[in-house]
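Before any comments, here is the structure.
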Amino acid sequence: MANNQIRVRFAPSPTGGLHLGGVRTALYNYLFARQHGGKFILRIEDTDQSRFVEGAEDYINNCLKWCGIEPDESPEKGGEYGPYRQSERKPLYAEFARKLVESGHAYYAFDTPKELEEMRNSLKSDANPSPQYDQQIRGKMKNSLTLPAEEVDRLLKDQTPHVIRILIPPNETIQFTDLIHGEVSFDSNIVDDKVLLKADGMPTYHLAVVIDDHLMQITHAFRGEEWLSSTPVHILLWKYLFGVENMPAWGHLPLILGPNGKLSKRDGAKYGFPVFAMNWADHVSGELTEGFKERGFLPAAFINMLAFLGWNAGTAQEIFSKEELVKLFSIERVHKAAAKFDFEKAKWFNQEWIKRSNAADLMEPVKKIFDLHHIPTFTDEYLETVISLTKERCTLLTDFVLQAGYFFQTPRAIDELSIKPKWSDEKSLFFTHFASALEGLPDNNHDTLEHLFKEMATQQGIKPGELQMIFRIMLVGEKMGPGVFTIASTLGNTETAKRIHYGIEIMNALRK
RNA sequence: GGCGCGUUGGUCAAGGGGUUAAGACGCCUCCCUUUCACGGAGGAAUCACGGGUUCGAUUCCCGUACGUGCUACCA
C-alpha cells in the first residue's frame with residue numbers, strides 16, 4: 001500500500017436523515033478521492049449514545065448508494081482500517097486520553113453536570129452570556145489541577161464519574177492554512193478546555209476525529225464550516241499526539257443556507273422542498289421528511305446541482321456528469337461564502353437531466369412512479385415511446401403522471417369549458433364521421449391520420465384548425481401534450497375513436 | 001457578549017486595479033406552436049457602506065454594518 005495515497009473520509013453521525021449539506025460534503029470527498037486515485041472512507045461517528053437513531057446508518061448507506069458515491073471503506077464494506085464505527089473503537093480513545101493526561105496536556109475533571117450549570121449560571125452576565133470552562137475558571141473547579149493528588153487518586157479509584165479535558169495552553173497563536181479559506185488563526189486564550197473523554201468513556205468528537213483521522217491515515221479532512229471554530233483544539237491534539245506535520249490538510253466547506261439562515265428540515269416542510277436525499281421516517285414521531293429521490297429527482301441531477309452549490313468550473317458549462325465532475329472538480333474553486341439553496345434552480349438541473357436522458361434510461365424510475373399510482377404502462381416499447389414524447393415537459397420524474405398519464409388511461413374528465421363555445425352540430429357530426437372512419441382505417445400512422453382529418457374537415461366545410469383543439473381535449477383532457485396526430489397515432493385508432501365518442505357524448509349532454 | 005468565517009442582480013455565480021461587470025435560474029416581452037412544453041430573440045435587475053492606497057478602485061488595506069457559525073460530557 002502506497003503511503004502517499006490520498007485518503008478522505010465522510011464522517012456523519014447517525015442521528016437522522018442526511019441533508020443536502022451532508023451529501024455535498026460526501027460528494028466533494030468522493031470527487032476529490034476519485035480524481036486523485038485515492039480512497040473515500042465512510043466513518044460513522046456514533047459516540048453520542050443518547051442521540052443514536054435506529055436505522056440512520058442504513059439510511060446513510062442507501063443515500064450514498066442512490067447518489068452513486070459509495071465509499072471504498074465503510075462499516076458495511078469493511079477495510080484495513082476498521083472498525084469504521086466509532087462506538088466499536090471505544091477502548092482506543094480512553095488510551096490516548098490517558099496519554100494526554102500523563103503528558104500534562106489534559107486533566108481529569110470531576111465536576112458534575114449540576115456543578116457545571118451552577119458555575120455557568122453564576123458567571124453568566126450580559127458581557128459574558130456563555131461562560132466557558134477555560135483558563136479563567138479551571139482553577140476554581142473540581143479537577144486534577146486543583147485537587148491534591150491523593151484525592152484525585154481516591155476519586156479515580158472510587159470510579160467517581162469524571163471526564164478528561166484538554167488543557168489549553170495560554171498565549172499561543174494557533175494558525176493553519178485552510179484549503180478553502182487560506183490562513184486562519186486563533187488566540188489560544190479564547191479557546192476553552194473541551195471535554196475529550198466523556199464520563200461514559202466515549203470520546204467527544206474532538207478526540208475521536210483526531211485519533212481516527214490519524215489511525216485511518218486521512219490525508220485531507222473536508223468538513224462543514226461549523227467546525228472551523230473548533231479546529232484549534234484539533235490542531236493542538238495533533239501536536240500533542242501525532243505531530244502537526246502528520247496532520248491532514250483541512251478544508252472547511254461553506255454552509256448551505258435555507259431561505260432564512262441555516263437550512264433545516266423545517267425549511268423543507270415550510271417552503272415545500274426536500275431537504276434530505278431520500279425520504280426519512282422518524283421512528284419515534286412517525287414524522288416523514290421528504291427526500292429528493294421521492295420528489296422525482298434523478299441522482300445525476302441531484303449531485304450535479306449539489307456540486308454547484310459552492311463550486312463551479314469557471315466556465316459557462318453547468319451540466320456535468322459524475323465522470324466530468326471527477327475530472328474537473330477542484331477544491332481551489334470552492335467558494336468561501338455560504339450559498340443559499342434555491343429549489344427553482346435545483347428543479348432546472350433535474351429538467352435538464354430528464355431532457356438529455358434517453359427515454360430508455362428513464363424507463364425504470366418512471367415505471368416505478370406509475371406503479372405507485374396504479375397506472376398500467378403496457379409494454380416497455382410503448383412506455384419508451386411515451387417517455388420520449390413527453391420528457392421535455394417534465395421537470396420532475398413525478399410530472400410524468402400528469403404529462404403522460406393520458407397515454408395509459410382515458411381521461412376521467414375533459415376540459416369541457418374550452419370546447420363548449422366552439423361546439424356545434426356540424427362539429428359533432430364531423431367527429432362522429434371521423435371516428436367511424438378511424439375504425440375502418442388499416443394503419444394509424446401520423447400522416448395518414450392528419451390527411452384524413454383535414455380532408456374530412458374540408459369536405460364538411462370546416463377549417464381543420466377549428467377542430468384540432470377539440471380533438472386534443474378529447475384525447476388528452478386538457479390543452480397540453482405533443483402534436484395531436486402524434487398522440488392519436490400513439491394511442492391507436494380504436495382508443496382514439498373511443499375517446500372521440502366519449503367526448504361527443506359529454507359535449508352533447510352539456511347542451512341539453 | 002466573545003471569537004471565527006463571509007459579503008458581485010431576488011438566487012447560484014465569472015471576473016478582478018482601467019471591462020458595455022460574463023453566464024445560469026427565476027421574472028417580464030416577443031417569435032415558433034391554433035395546446036403545453038422545448039427552442040429562439042430581447043428586457044428589467046448587481047459589485048453592502050465609509051475611509052484610505054492609487055492617476056484610477058467592484059478588485060488591495062483598514063474600519064463599520066449585515067449575514068452566518070462556534071461558544072454542550074452534540075456532532
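Sequence lines set the chain letters: A, B, ... in the order given, protein chains first and strands last, and positions in each chain run from 1. This structure is a prediction, so every number in the text was calculated from the model and none was measured.
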For a quick test of reading the model: is some side-chain N or O of A:N128 closer than 4.0 Å to OP1 or OP2 of B:G1? no
Show me the protein contacts with nucleotides 20-27 of chain B, counting only N or O atoms at under 3.5 Å.
| residue | atom | partner | partner atom | Å |
| --- | --- | --- | --- | --- |
| B:A24 | O4' | A:E318 | OE1 | 3.0 |
| B:A24 | O2' | A:E318 | OE1 | 2.5 |
| B:A24 | O2' | A:K345 | NZ | 3.0 |
| B:A24 | N3 | A:K345 | NZ | 3.1 |
| B:C25 | OP1 | A:W348 | NE1 | 3.4 |
| B:C25 | O2' | A:K345 | N | 3.4 |

Between B:U68 and B:C73, how far apart are the P atoms? Round to whole Å, please. 25 Å
Each nucleotide in nucleotides 68-75 of chain B should get exactly one letter: B, S or -. Can you fill that in based on protein heavy atoms under 4.0 Å? SBSBSBBB
Of A:L467 and A:G182, the one whose closest nucleotide on RNA chain B sits nearer the 5' end is A:G182
Using atom C1' of each nucleotide, how far apart are B:C61 and B:G2 to the nearest Å? 25 Å
Length of the line joining A:D415:CG and B:U34:P, which is rounded to integer Å: 19 Å
Round to the nearest Å and state the distance from A:Q175 atom CD to B:G4 atom C1'. 14 Å
Strictly below 4.0 Å, heavy-atom distances to any atom of RNA chain B: list the hits from residues 469-480 of chain A, or just say none. A:M469, A:R472, A:K479, A:M480
Does a side-chain N-to-carboxylate-O contact under 4.0 Å join A:K239 and A:E172? yes
Separation of B:U33 atom P from A:E392 atom CD, nearest Å, is 16 Å
Hits for ring pair (Phe, Tyr, Trp, His ring centres under 6.0 Å) against A:F110, two or more places apart or cross-chain, chain-then-number order -> A:H162
Determine the interplanar angle of the A:F308 and A:F349 rings, folded into 0 to 90°, and report it as parallel if under 30°, tilted if 30 to 60°, perpendicular if over 60°. tilted
Determine the contact category for A:G224: base if any of its heavy atoms lies under 4.0 Å from a base atom, sugar-phosphate if only primed atoms, P, OP1 or OP2 are that close, otherwise nothing. nothing
Please give, in whole Å, the distance from B:C5 C1' to A:F176 CZ? 10 Å
With a 4.0 Å cut-off on heavy atoms, is A:R356 in touch with a base, just the backbone sugar-phosphate, or nothing at all? nothing
Show me the donor-acceptor pairs within less than 3.5 Å that the side chains of residues 465-483 of chain A make with the rest of the protein, sequence neighbours left out.
| residue | atom | partner | partner atom | Å |
| --- | --- | --- | --- | --- |
| A:R472 | NH1 | A:M480 | O | 2.5 |
| A:R472 | NH1 | A:G481 | O | 3.4 |
| A:R472 | NH1 | A:P482 | O | 3.1 |
| A:R472 | NH2 | A:P482 | O | 2.9 |

Validation row: A:Y107, A:R138 side chains within 4.5 angstrom (heavy atoms): yes
Using the P atom in both, what is the distance from B:A45 to B:G51, to the nearest Å? 26 Å
Does A:H19 have any ring pair (Phe, Tyr, Trp, His ring centres under 6.0 Å) partners at least two apart in sequence or in another chain, and if so, which? none
For atom P, what is the distance between B:G23 and B:C55, given to the nearest Å? 34 Å
Between C1' of B:U35 and CD1 of A:I419, the distance in whole Å: 12 Å
Could you check how far CD of A:Q136 sits from P of B:G2, rounded to whole Å? 15 Å
Taking NZ, NE, NH1 and NH2 as the nitrogens, is one of them in A:E88 or A:R85 under 4.0 Å from a carboxylate oxygen of the other? yes
Side chain to side chain donor-acceptor pair (under 3.5 Å) partners for A:S285, two or more places apart: A:D282
At under 4.0 Å between heavy atoms, what does A:K347 touch on the DNA or RNA strands: base, sugar-phosphate, or nothing? nothing
P gap between B:G42 and B:A24, integer Å: 11 Å
Runs of at least three consecutive pairs that involve RNA chain B, where pairs are Watson-Crick or G-U with distances under 3.5 Å: B:1-7 with B:65-71, B:10-12 with B:23-25, B:27-31 with B:39-43, B:48-52 with B:60-64
A:F341 atom CZ is separated from B:G67 atom C1', nearest whole Å, by 20 Å
Is the closest side-chain heavy-atom distance between A:K391 and A:K355 below 4.5 Å? no
A:Y28: which residues meet the ring pair (Phe, Tyr, Trp, His ring centres under 6.0 Å) condition with it, sequence neighbours left out? A:F329
Please tell me whether A:T390 and A:Q403 have a donor and an acceptor in their side chains that are separated by less than 3.5 angstrom. no
Could you tell me how far apart A:L389 (CG) and B:U33 (P) are, to the nearest whole angstrom? 19 Å
With sequence neighbours excluded, what pairs up with A:Y133 under the ring pair (Phe, Tyr, Trp, His ring centres under 6.0 Å) test? none
Going by modelled atom types, is there a donor-acceptor pair between the base of B:C38 and the side chain of A:R393 at under 3.5 Å? no
Between B:C62 and B:G6, how many Å separate the two P atoms, rounded to a whole number? 12 Å
How would you list, by chain and number, every residue that makes a side chain to side chain contact (heavy atoms under 4.5 Å, CB included) with A:A199, sequence neighbours excluded? A:V163
Those residues at least two apart in sequence (or on a different chain) that pass side chain to side chain donor-acceptor pair (under 3.5 Å) with A:H252 are A:D178, A:R223, A:T231
When you compare B:A37 with B:C32, how far apart are their P atoms, in angstrom units rounded to a whole number? 16 Å
Between B:C60 and B:C47, how far apart are the C1' atoms? Round to whole Å, please. 15 Å
May I ask you to check whether A:H214 and A:F96 place their ring centres under 6.0 Å from each other? no
Nearest to the side chain of A:H335, which nucleotide is it out of B:G6, B:A14, B:C12? B:A14
Any chance you could lay out the side-chain hydrogen bond (donor to acceptor under 3.5 Å, both in side chains) test for A:S489 and A:E450, step after step, and finish with the verdict? CA-CA 10 Å; A:S489 168; A:E450 184 168 358; over 6 Å; no
